[in-house]
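Heavy-atom basis, side chains included; hydrogens, waters and symmetry copies ignored. In what follows, chains carry the letters A, B, and so on, assigned in the order in which the sequence lines appear, proteins first and then strands, with residues in each chain numbered from 1.
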There are 2 protein chains.
Amino acid sequence: MSLRIALLGLLAAKGPASGYDLAKLFEGSLNHVWQAGHTQIYPELVRMAADGLLAVEAEGARGRKIYTIADEGSRQLHDWLADREPAVTVRSETALQAFLLPILDTDEAIAAVERVKARAQKRLDDLKCLPPVADNPKFGKYALRLGLAQTRATIEWADETLHALRTK
Amino acid sequence: MSLRIALLGLLAAKGPASGYDLAKLFEGSLNHVWQAGHTQIYPELVRMAADGLLAVEAEGARGRKIYTIADEGSRQLHDWLADREPAVTVRSETALQAFLLPILDTDEAIAAVERVKARAQKRLDDLKCLPPVADNPKFGKYALRLGLAQTRATIEWADETLHALRTK
DNA sequence: GGTTCATATGTAAGTCTTTACATGTCAAGT
DNA sequence: ACTTGACATGTAAAGACTTACATATGAACC
């Protein structure tokens, strides 16, 4: 379901696009929000078109297909955004490592937390130089700030945890 | 793979336990870290026992089965924790709503962000009165702090975003 | 003319996860 | 004796996601 919403949202933000275009957007700005590869996107677009959420049009000799959001698609997107209580299914390997940290001895734990911190630092840098979606600076702005806030929180946790591990 | 690790970790933290016990732990302390229902846990335990990671023992008339972590299980758990670069597959409906917020008009967006904030606030309360895993206060301590830090960051984002939406 | 790379789309197999169905025990309260 | 609720385990089908395989065009470079 959420994949549908993400695709509808991108088509609303960017206008008509091909599956390939959408896959590129997932690799870019959406990557820190939701992830999907082209093998998941292509069949889903076909189903969405069959369900009347999208209009399709073939273009060029290369078999490129352009999808446009239909009224029913706009409606479902809007309703989901306005009404949906977001599900909170957490599945974070980082949090799992944090949970199980006491299994490691102190120096191994320090190394693991250092890794988490380095990763978060890199993510922070990535987020800072993220291009806007389809030259549309509105989109992704709020998600970017949320990502920055949560990533900074992770770095602070790592610093606090490293301090605790080193002084014990 | 991560489900295996979570199960191994719980068995290491708590000692011998049944599938039912482990499912309860997922509903409790692990819930903010990783999620799994009993329908996923029972078959996985069977596979893990078949792979030599766990020892099984039947107990009582009620068909209760007690799993104990085997040496091979301890080894794999330790290796994963010490060596694994945590995967960062983000799939957050909250972040997706944040991403697509500009599709809503201002008052709808405010309502959506209020919902996110209320949810985070509740989560914060949940985290604060979480019981320790198997009366073992070491476990979950670091994950709890990570969860608190990230949840506080989400609330700060909501406040910042509400302010931005209301003054525009 | 040939190579290489980005473009562009798909299928298939396998894994992970959710939802729905199904069964039976034990303890406590009425 | 009966009911209710927590305990306890499972299967099956469907849906979501990943990984590997497969194909073909157009543009740029050498």
Side-chain angles (χ1 to χ4, degrees), chain A residues 1-8 10-11 14 16-28 30-31 33-51 54 56-67 80 84-93 96, chain B residues 1-8 10-11 14 16-28 30-31 33-51 54 56-67 80 84-93 96:
Chain A
M1 195 66 234
S2 298
L3 175 59
R4 278 191 172 206
I5 298 300
L7 290 168
L8 288 171
L10 284 176
L11 287 168
K14 190 188 159 69
S18 68
Y20 189 83
D21 295 335
L22 294 167
K24 287 279 143 176
L25 288 173
F26 270 92
E27 279 169 30
L30 249 190
N31 195 255
V33 165
W34 203 267
Q35 274 151 284
H38 78 276
T39 55
Q40 213 187 337
I41 293 169
Y42 288 137
E44 185 63 26
L45 287 170
V46 171
R47 282 190 293 266
M48 288 165 78
D51 291 348
L54 305 178
V56 209
E57 197 192 347
E59 180 219 63
R62 226 190 286 196
R64 190 179 153 93
K65 285 184 199 168
I66 305 296
Y67 292 91
W80 188 87
R84 166 83 176 186
E85 185 79 26
V88 278
T89 30
V90 184
R91 235 166 229 124
S92 157
E93 288 197 4
L96 187 54
Chain B
M1 197 64 233
S2 298
L3 175 59
R4 280 192 170 205
I5 298 300
L7 290 168
L8 288 172
L10 284 176
L11 287 168
K14 190 186 159 68
S18 69
Y20 189 84
D21 295 335
L22 295 167
K24 288 279 144 178
L25 288 173
F26 269 91
E27 278 169 32
L30 249 189
N31 195 255
V33 164
W34 203 269
Q35 275 150 286
H38 78 277
T39 56
Q40 214 187 336
I41 293 169
Y42 288 138
E44 185 63 27
L45 287 171
V46 171
R47 281 190 294 266
M48 287 165 77
D51 292 349
L54 305 178
V56 209
E57 196 191 350
E59 178 219 65
R62 225 190 289 196
R64 189 179 152 92
K65 287 184 199 168
I66 305 295
Y67 292 91
W80 187 87
R84 167 85 175 186
E85 185 78 28
V88 278
T89 30
V90 185
R91 237 168 227 124
S92 159
E93 287 196 4
L96 186 55

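The distance between atom CZ of A:Arg47 and atom P of D:dC17, rounded to the nearest whole Å, is 11 Å. When the P atom of D:dG10 is taken as reference, atom CD1 of B:Ile41 falls 12 Å away, rounded to whole Å. Computed from coordinates, the A:Gln35 CD to D:dT18 P distance equals 7 Å when rounded to whole Å. Summarising the geometry, the separation between CD on B:Glu93 and P on C:dT18 is reported as 12 Å, rounded to the nearest angstrom. Atom CD of B:Glu44 and atom P of C:dT17 are 9 Å apart (whole Å). In this structure, B:Leu7 atom CG and C:dC16 atom P are separated by 12 Å, rounded to whole Å. Protein atom CG of B:Asp51 is 14 Å distant from nucleotide atom C1' of C:dT15, rounded to whole Å. If you measure from atom CE of A:Met1 to atom C1' of C:dT18, you get 16 Å, rounded to the nearest angstrom.
With hydrogens and angles ignored, a donor-acceptor pair closer than 3.5 Å exists between the side chain of B:Thr39 and the base of C:dT19.
Between A:Lys65 and A:Glu57 there is no salt bridge, since no side-chain N of the basic residue sits under 4.0 Å from a carboxylate O of the acidic one.
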(request) Using a 4.0 Å cut-off on protein heavy atoms (strictly under), produce a 5'-to-3' string for nucleotides 4-9 of chain D with B for base contact, S for backbone-only sugar-phosphate contact, and - for none. (result) ---BBB
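Between A:Trp80 and B:Leu96, some side-chain heavy-atom pair lies under the 4.5 Å cut-off. Looking only at side-chain heavy atoms (C-beta outward), A:Arg91 and B:Leu3 stay at 4.5 Å or farther from each other. Taking 4.5 Å as the limit, every side-chain heavy atom of B:Trp34 sits out of range of all side-chain heavy atoms of A:Val90.
Judged as a salt bridge (Lys or Arg N to Asp or Glu O under 4.0 Å), and not counting sequence neighbours, the contacts of B:Arg4 are B:Glu44, B:Asp51.
Projected onto DNA chain D by closest heavy-atom contact, A:Gly37 and B:Pro43 fall at different nucleotides, the more 5' of which corresponds to B:Pro43.
Using a 3.5 Å distance cut-off with no hydrogens or angles, the side chains of B:Glu93 and A:Ser2 do pair a donor with an acceptor.
OP1 or OP2 of D:dT18 has at least one side-chain nitrogen or oxygen of B:Arg91 nearer than 4.0 Å. Distances shorter than 4.0 Å separate some side-chain N or O of A:Gln40 from OP1 or OP2 on D:dT18.
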(request) Please assess B:Tyr67 against B:Val46 for the test side chain to side chain contact (heavy atoms under 4.5 Å, CB included), listing each intermediate value before the final yes or no. (result) CA-CA 10 Å; B:Tyr67 292 91; B:Val46 171; 4.2 Å; yes
